[in-house]
Structure formats: C-alpha cells, structure tokens
Amino acid sequence: MADTVRPALARRIALAAQGFGRSSPSAPGLRQVSGIIDRLAVLQIDSVNVFERSHYIPAFSRLGPYDRALLDRVTTGRRGRMVESWAHQAAFIPRELWPHFEFRREEYRRAGSEWGGWLVENRSLAEWLLAELTANGPMRASEIEHDANERRGSWWGWSDVKRTLEWMFRVGEVVCVERQRFERVYALPEQALPSELLSAQVAPDEAARELVRRAATALGIATEADLADYWRMKRPQVREAARSLQEDGELVPVEVPGWTTAGRPTPTWVHRDARRPRHLEAAAVLSPFDPVVWFRPRTERLFGFHYRIEIYTPEPDRKFGYYSLPVLVDDGLVGRVDLKSDRKAGVLRVQSAWAEADAPADVAERLVPVLRRAAEWQGLGAIEVVDRGDLAPALRAEVAAAG
C-alpha cells in the first residue's frame with residue numbers, strides 16, 4: 001500500500017527539491033549558481049525584460065542578489081555547461097542532455113506541420129545558410145546578408161532567413177552558441193559542441209528514463225502529468241520510464257489526499273532522495289516561468305493558487321498586472337506583485353500588489369526585504385509602491401517604515 005503524504009508535506013517536499021528552505025549565502029558565487037542549475041536542470045527563456053529576463057530570476061529567488069555574469073558564464077558560449085534547446089519551451093539545458101533530446105528533434109523533422117513544411121519548401125535557403133555558417137562561423141540572423149533577410153508579415157515580423165534558422169534550430173541543424181542583446185547567435189553543432197557529445201547515441205527509452213529521473217529529482221513529488229510537463233514529453237514515454245524507475249526503487253509511489261483523477265487517487269511518486277522537511281522557511285518572488293509555477297495545474301493542486309500571466313491580456317482586462325510575480329512565503333504562495341525595473345529613474349516599481357485570501361498577516365513585512373534585495377540586484381536605489389491591489393497599502397507602509 002502506498003505511503004500517504006499530507007498536502008502540507010507535499011508542498012514542503014516540492015519546495016525543498018527546488019532549493020528553497022536553505023540559508024542564502026551572503027555573496028553567492030559560481031558554485032552556488034552552478035548548484036541551482038544542477039538542481040533544476042532547465043532554465044526557461046523568455047524575452048520579457050520589464051523586471052528581469054526569466055532565466056535569471058530562479059537563481060535570484062533561491063540565492064538572493066548574485067552576479068548575472070556567473071549565470072552567463074555557465075549557460076552560454078563555447079565553454080558553457082549548458083546549451084539552448086527546445087526542452088520546456090525554449091530553455092537552457094545541461095550539455096550532457098543534448099543527445100537525450102534527439103527524439104524531440106526527430107519529432108520536428110517528421111512533423112507534417114507548417115514548421116516542417118517550411119523547411120522542406122525552403123531547403124535551398126537552409127543549405128545556403130549552412131554554407132554561410134561554415135564559411136563565417138557563428139552569426140546572428142541580423143548579420144546575414146541575403147535578399148530573404150527582410151522582416152515582413154507574421155511570425156513576429158521575422159524574415160525568411162530568421163524563420164528558416166529557427167526551424168533549423170528546432171531540428172538540430174544549427175545550435176545557439178550564445179545570445180547578443182538577447183538575439184540568438186547561430187552556429188553549426190560542430191562549432192559549438194564537442195564531437196563526443198554530437199556522436200553520442202542514446203536509445204529513446206534510456207533518454208526518457210534519464211529525463212524523467214531528472215524531472216523527479218527536481219520536483220521532489222510529482223504526478224505523471226507533472227513529470228511529462230517538465231520536459232514537455234508525451235505521457236506514454238513518461239509512464240513507461242516512471243514504471244522502470246519505480247521498479248528500481250528510485251521513485252516511491254505515494255498518495256496525497258485530495259489529489260484524485262476520476263474519483264481515484266492520482267498516481268504520484270516521491271523521489272527516493274527527496275527531503276521531507278517538517279518546517280520550511282522561505283520568502284521570494286518567482287518568475288512566471290519558474291518550475292514551481294510553470295505547470296499551472298500543479299500550482300493549483302499543490303498551493304491552491306490560480307495563476308495566469310497577463311502579458312498577452314489587453315491592459316483593460318488585466319486583473320493583477322502585466323508581469324505579475326507569485327510571492328512565496330514559507331510553504332505557500334500568498335500573493336503576487338507586478339514588478340518593473342525603471343532603470344532610467346533608478347526605481348523598482350511595484351505596480352500592483354495582491355494578497356491571497358488566506359495570506360498570513362505579516363506577508364507585507366516578509367516581502368519588503370525581498371523587494372530590497374531585488375532592487376539591489378537590479379542596481380536600483382528606491383522602491384515605489386503604486387496604490388493598486390489589496391496588499392499595496394500595507395506594503396507601501398512597510399517600505400516607508402523600513403526607510
């Protein structure tokens with residue numbers, strides 16, 4: 001019979017696996033930043049920079065102010081420990097996982113979608129681009145001189161050159177070696193990755209098993225849906241890998257009261273190495289693309305927290321704000337704040353602040369030190385709280401009292 005894990009313990013297991021509940025170093029260095037990467041195994045990338053680009057925020061949430069150049073050092077460049085891939089959306093993954101995503105690249109090659117049709121129909125342009133990269137080395141799309149490199153139409157106004165490169169990136173014909181001003185620098189795989197990695201072959205079942213193992217380690221406690229979402233894998237792949245890992249004792253089946261599917265307990269596993277803390281102390285703001293919240297059904301199941309990002313919602317229809325970040329206090333998601341780094345004015349603007357109905361009375365007091373660390377991290381000298389949201393008055397008072 002499966003062990004029972006109470007919902008509160010499930011939250012603490014999940015957060016501990018994600019690196020919360022540990023004391024933050026006064027000056028995080030390369031070892032601590034690398035430790036976050038080892039723990040999460042994936043950093044989702046997003047272009048929105050109103051507060052900070054998403055892949056930098058998870059390390060801040062767990063470590064506090066750190067030098068972003070340290071993350072750049074391990075995520076990009078020819079000597080970085082990570083490589084950009086289409087994993088959980090566009091993301092940085094450990095380089096050693098490159099062969100494990102061959103199944104994903106093969107799916108794109110086989111796809112009978114618009115993407116696949118585009119590359120087939122523009123094969124001559126793709127071959128020309130491969131020749132350009134061979135001759136010139138890594139290049140940004142904007143550096144490439146070609147009649148087809150003119151922004152137009154849909155696809156964010158991409159040119160045919162950019163669109164073709166993006167397709168080639170998905171199927172592995174090119175890789176992203178780094179970003180310059182957030183623009184991808186495309187390279188041939190052999191220009192960016194070691195030959196032993198490119199020649200490595202991993203059987204699909206072994207690749208799925210390793211990816212599920214890493215997801216289970218990062219999540220601590222997870223359902224099949226949670227494991228599948230971490231790398232955006234298909235459920236049959238995950239189901240078989242989870243069964244294999246359970247047989248080997250790496251995944252331990254448990255039941256969480258309230259987690260049900262069709263009236264029955266939802267199959268759930270705890271990783272055998274997951275910590276089960278009795279208490280967990282934490283205070284942080286989270287990226288909308290943090291693994292704690294990126295799979296919204298899990299967020300609601302674990303925390304009872306309904307969260308949707310509103311960057312694509314017309315402004316009059318937004319409830320919480322353009323870039324609303326969930327607020328973590330101890331083992332609960334207790335509110336959200338819409339942050340903007342006004343770099344010209346040197347101000348961290350809290351454009352709205354909201355508390356959950358069951359938020360603790362001291363949520364504003366707990367949040368102010370987090371905002372001060374965020375301002376310090378962004379090189380901003382002041383915090384200004386806009387009078388919007390039910391948490392805003394208390395938060396503004398706490399900011400003023402703290403000086």
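Atom set for the values below is all heavy atoms of this structure, side chains included, hydrogens, waters and symmetry mates excluded.
Using a cutoff of 4.0 Å between basic side-chain nitrogens and carboxylate oxygens, Arg179 and Glu183 are not scored as salt-bridged. In summary, Arg308 and Glu300 engage in a salt bridge, as defined by a charged side-chain N under 4.0 Å from a carboxylate O. The residues Glu96 and Arg214 are annotated as salt-bridged, a charged nitrogen and a carboxylate oxygen being separated by less than 4.0 angstrom. Between Arg123 and Glu173 there is a salt bridge, since a side-chain N of the basic residue sits under 4.0 Å from a carboxylate O of the acidic one. Look at Arg373 and Glu376 and you find no salt bridge, because none of the NZ, NE, NH1 or NH2 atoms lies under 4.0 Å from a carboxylate O. Checked for salt-bridge contact, Arg73 and Asp67 miss the test: no charged N lies under 4.0 Å from a carboxylate O. The pair Lys319-Glu310 does not meet the salt-bridge criterion, since no charged nitrogen lies less than 4.0 angstrom from a carboxylate oxygen.
In plain terms, the two heavy atoms of Arg95 and Gly80 that are nearest each other are NE-O, 3.0 Å. Nearest heavy-atom pair, Val177 versus Ala192, reported as atom, atom and distance to 0.1 Å: CG2-CB, 3.8 Å. Nearest heavy atoms, Pro7 versus Pro257: CG-O, 3.6 Å. Across all their heavy atoms, Leu371 and Leu348 have their closest contact at O-CD2, 3.5 Å. Nearest heavy-atom pair across Val293 and Pro288 is CG2-O, 3.9 Å. Residues Val368 and Ala402 share a closest heavy-atom pair of CG1-CB, 4.3 Å.
For the atom pair CG (Asn136) and CD1 (Ile144), the distance works out to 8.5 Å, reported to the nearest 0.5 Å. From Arg276, atom CZ reaches atom CD1 of Ile221 across 7.5 Å, with rounding to the nearest 0.5 Å. Put simply, CD on Gln44 and CD1 on Ile57 are 11.5 Å apart, with the number rounded to the nearest 0.5 Å. A distance of 8.5 Å separates CZ of Arg298 from CG of Leu227, quoted to the nearest 0.5 Å. Atom OG1 of Thr75 sits about 12.5 Å away from atom CD1 of Ile93, to the nearest 0.5 Å. For the atom pair CG of Asp248 and CZ of Arg243, the computed distance is 9.5 Å after rounding to the nearest 0.5 Å.
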Legend entry - side chain to side chain donor-acceptor pair (under 3.5 Å) assessment of Trp118 paired with Thr164: CA-CA 8 Å; Trp118 177 267; Thr164 304; 3.0 Å; yes
Inset, instruction - Applying side-chain contact (heavy atoms from CB on, under 4.5 Å), run through Val285 and Leu367 and close with a yes or a no. - result: CA-CA 8 Å; Val285 291; Leu367 181 55; 4.0 Å; yes
Legend entry - Candidate pair Ile13 and Arg275, rule side-chain contact (heavy atoms from CB on, under 4.5 Å), full reasoning: CA-CA 6 Å; Ile13 291 172; Arg275 293 172 53 228; over 6 Å; no
Inset, instruction - Kindly indicate, with the supporting measurements, whether the criterion side-chain contact (heavy atoms from CB on, under 4.5 Å) is fulfilled by Val74 and Leu30. - result: CA-CA 9 Å; Val74 294; Leu30 183 60; 3.6 Å; yes
Legend entry - Evaluation steps, side-chain contact (heavy atoms from CB on, under 4.5 Å), between Val327 and Phe305: CA-CA 11 Å; Val327 175; Phe305 187 80; over 6 Å; no
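With sequence neighbours excluded, the residues satisfying salt bridge (charged side-chain N to carboxylate O under 4.0 Å, His left out) with Glu52 are Arg68. Under the salt bridge (charged side-chain N to carboxylate O under 4.0 Å, His left out) criterion, Arg184 pairs with Glu84, Glu166, sequence neighbours left out. For Arg232, the salt bridge (charged side-chain N to carboxylate O under 4.0 Å, His left out) partners are Asp229, not counting sequence neighbours. Remark: Thr223 pairs with Ala225, Asp226, Trp259, Thr266, Thr268, Arg301 by the side-chain contact (heavy atoms from CB on, under 4.5 Å) rule, at least two apart or across chains. In this structure Asp38 satisfies the side chain to side chain donor-acceptor pair (under 3.5 Å) test together with Arg81, sequence neighbours excluded.
Checked by atom type and distance alone, the side chain of Glu143 pairs as donor or acceptor with a backbone atom of Arg140 at under 3.5 Å. A donor-acceptor pair under 3.5 Å is formed between the side chain of Gln191 and the backbone N or O of Leu133. Between the side chain of Gln32 and the backbone N or O of Gly29, at least one donor-acceptor pair lies under 3.5 Å. One N or O on the side chain of Ser159 and one on the backbone of Lys162 form a donor-acceptor pair closer than 3.5 Å. Tyr307 places a side-chain N or O within 3.5 Å of a backbone atom of Ser324 that can act as its donor or acceptor partner. The closest donor-acceptor contact from the side chain of Ser54 to the backbone of Asp46 lies under 3.5 Å.
Other residues, nucleotides and ligands contribute at most 12 non-hydrogen atoms within 6.0 Å of the CD atom of Glu315. The 12-atom threshold is not exceeded at CD of Gln201, counting heavy atoms of other residues, nucleotides or ligands nearer than 6.0 Å.
Applying the ring-ring contact (aromatic ring centres under 6.0 Å, His included) test to residues at least two apart or on different chains, the pairs with a partner in residues 331-368 are Phe320-Trp354. Sorted by first and then second residue, the ring-ring contact (aromatic ring centres under 6.0 Å, His included) pairs involving residues 199-236 (not counting sequence neighbours) are Phe101-Trp231, Tyr230-Trp294. Applying the side chain to side chain donor-acceptor pair (under 3.5 Å) test to residues at least two apart or on different chains, the pairs with a partner in residues 7-18 are Gln18-Arg62. Here ring-ring contact (aromatic ring centres under 6.0 Å, His included) pairs that include residues 169-190, with residues two or more places apart or in two chains, number zero. The side chain to side chain donor-acceptor pair (under 3.5 Å) contacts involving residues 387-403 comprise nothing, where partners must be two or more places apart or lie in separate chains. Within the structure, every pair that satisfies the side chain to side chain donor-acceptor pair (under 3.5 Å) test and touches residues 356-367, not counting sequence neighbours, is listed here: Asp330-Arg366, Arg336-Glu356. Within the structure, ring-ring contact (aromatic ring centres under 6.0 Å, His included) pairs that include any residue of residues 366-386 comprise Phe60-Trp377, Tyr66-Trp377 (at least two apart or interchain).
Thr313 and Arg318 share no donor-acceptor pair across their side chains, judged by distance under 3.5 Å alone. In summary, the side chains of Ser341 and Gln378 do present a donor paired with an acceptor at a separation below 3.5 Å, with no hydrogens or angles considered. In the model, Asp72 has a side-chain atom that pairs as donor or acceptor with a side-chain atom of Tyr56 under 3.5 Å.
Contact of the Met233 side chain with the Phe103 side chain is registered, since non-hydrogen atoms from C-beta on lie closer than 4.5 Å. For the pair Trp269 and Val254, the minimum side-chain heavy-atom distance is 4.5 Å or more. The closest side-chain heavy-atom distance from Arg372 to Ile383 is below 4.5 Å. Asp331 has its side chain out of reach of Phe303: every pair of non-hydrogen atoms, C-beta onward, lies at least 4.5 Å apart.
For the pair Arg104 and Trp86, the NZ or CZ position fails the cation-pi test of under 6.0 Å to the six-membered ring centre and within 45 degrees of the ring normal.
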